[in-house]
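We count ligands from 1, going down the list as the structure has it; atoms in each ligand are counted the same way.
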Amino acid sequence: MKSKIEELQKQLGDIKIETVEQLEVFRQEYLSKKGKIQALFADFKNVPKEEKPEVGQLVNVLKNNAQNLYNDLKVNMGNSSSKEEKKLDLTRPVEFSHIGARHPISMVRKEIIDIFNRIGFVISEGPEVEDDFHIFTALNFPKEHPARDMQDTFFIEKDPDVALRTHTSSVQARVMESQKPPIRTISPGRVFRNEAISARAHCIFHQVEGLYVDKNVSFADLKQTLLYFAKEMFGEETKIRLRPSYFPFTEPSAEVDVSCNICGGKGCNVCKYTGWLEILGCGMVDPNVLTNCGIDSDEYTGFAFGMGVERIAMLKYQVKDLRYFFENDKRFLDQFTGAY
Ligand code: DAH
């Protein structure tokens with residue numbers, strides 16, 4: 001047995017293999033189930049017990065050598081000589097590698113920004129950790145207004161003057177303080193509210209605020225701007241409707257509905273059979289707010305609006321539960337690949 005192993009070791013050393021065919025012959029002769037090395041394993045039972053450890057080791061070394069030789073030759077041939085084997089198969093289906101996509105909230109935020117950019121609104125940003133003045137006082141919130149309540153607002157380290165902004169309207173105040181009209185700006189950003197998380201509410205979400213201040217800005221300008229936005233966002237056939245509402249920082253104030261883009265206004269379960277979907281709040285900037293921010297309210301008027309990005313995304317893509325946007329389940333996110 002030992003001499004057979006030695007003999008085969010020697011053969012491995014002398015062997016000359018130049019073609020793929022020769023390599024295959026080698027594989028069959030030495031490494032296949034019916035090959036010479038396998039035959040040694042079969043003979044192994046006849047080896048006297050005391051020699052088994054030594055002989056077993058020699059057979060294993062032989063087998064590894066043969067296998068390594070085969071592997072090396074195969075790699076080399078694959079790289080160079082065997083052009084025949086390596087021919088490209090141009091009919092083979094393409095393997096697409098998976099590429100990431102924008103998050104649906106980023107997509108919708110970008111779409112909102114693009115729509116307003118096209119009519120001259122520029123982006124402004126403000127801090128997420130904000131003071132009471134810019135979140136509430138400048139915006140005409142009375143001292144006892146419930147939105148200032150500990151229940152709704154996250155305060156920073158028990159200082160009642162510093163909080164996480166509850167809306168992006170705070171950026172309005174900052175812009176008006178530091179710029180002179182004409183002002184035409186939108187402010188996208190994250191906002192924070194102490195809300196229980198549910199299918200319709202979250203403690204962190206995104207808003208886009210809009211502000212236009214100039215001489216003779218009218219409610220008609222506001223309505224036309226929002227109609228343009230609704231058509232761009234939800235389709236040319238979209239209609240809007242304004243309902244009277246109340247916000248401390250606008251007078252008059254309104255809530256805006258768009259005609260349901262699912263049923264075309266006929267009524268369905270998405271619009272709860274009303275034909276309308278609420279998308280944002282708006283109004284004419286209250287003269288007190290202009291004054292608080294250093295703008296002459298006798299000379300200038302303005303309109304403002306604010307919308308939730310998650311809400312617009314839910315309506316646009318018919319997402320029934322807001323929490324999907326935060327869970328980052330790949331099966332959900334994959335549905336938006338290539339959507340923008
Ligand atoms: N800040 C309001 C909110 O968070 C949204 C809003 C309503 C913004 C009316 C406005 C506006 O600028 O005019 O619910």
Atom indices of ligand 1 within 4.0 angstrom of [X] heavy atoms, with elements:
X      : value
Ser169 : 1 (N), 8 (C)
Gln172 : 12 (O)
Gly283 : 13 (O)
Thr250 : 13 (O)
Gly281 : 7 (C), 9 (C), 11 (C)

Hey, are the side chains of [X] and [Y] touching, using non-hydrogen atoms and a 4.5 Å cut-off?
X      : Y      : result
His167 : Phe247 : no
Arg102 : Phe336 : no
Phe325 : His206 : no
Leu8   : Leu40  : yes

Legend entry - Salt-bridge present (Asp132, Arg148; N to O < 4.0 Å):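 Salt bridge present between Asp132 and Arg148.
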Inset, instruction - Starting from the C-alpha separation in whole Å, work towards a yes-or-no answer on ring-ring contact (aromatic ring centres under 6.0 Å, His included) for Phe326 and Phe205. - result: CA-CA 9 Å; Phe326 300 91; Phe205 55 102; 8.6 Å; no
Inset, instruction - Under 4.0 Å, heavy atoms only, figure out whether ligand 1 is touched by the backbone of Arg193, its side chain, both or neither. - result: side chain
Legend entry - Derivation of the ring-ring contact (aromatic ring centres under 6.0 Å, His included) call for Tyr317 and Tyr324: CA-CA 12 Å; Tyr317 294 110; Tyr324 285 128; over 10 Å; no
Quick one: does [X] get a heavy atom under 4.0 Å from ligand 1?
X      : result
Glu251 : no
Met307 : no
Phe303 : no

Inset, instruction - Determine whether Val258 and Leu222 fall in the same hydrophobic cluster, where Ile, Leu, Val, Met, Phe, Trp and Tyr are linked whenever their side-chain heavy atoms lie under 4.5 Å apart. - result: yes
Inset, instruction - Can you pull out the closest protein heavy atom to atom 11 (C) of ligand 1? Residue, atom name and distance to 0.1 Å, please. - result: Phe249 CE1, 3.4 Å
Legend entry - Residue, atom name and distance, where the atom is the protein heavy atom closest to atom 12 (O) of ligand 1: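 Looking only at protein heavy atoms, the one closest to atom 12 (O) of ligand 1 is Glu209 OE2, 2.5 Å.
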Legend entry - Value rounded to 0.5 Å, distance of CE in Met233 from CG in Asn261: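 Those atoms lie 11.0 Å apart.
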Legend entry - Any N/O pair Gln207/ligand 1 closer than 3.5 Å: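 For ligand 1, there is an N or O atom that lies under 3.5 Å from one belonging to Gln207.
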Inset, instruction - Examine Ala304 against ligand 1 and note whether any of their N/O atoms are separated by less than 3.5 Å. - result: yes
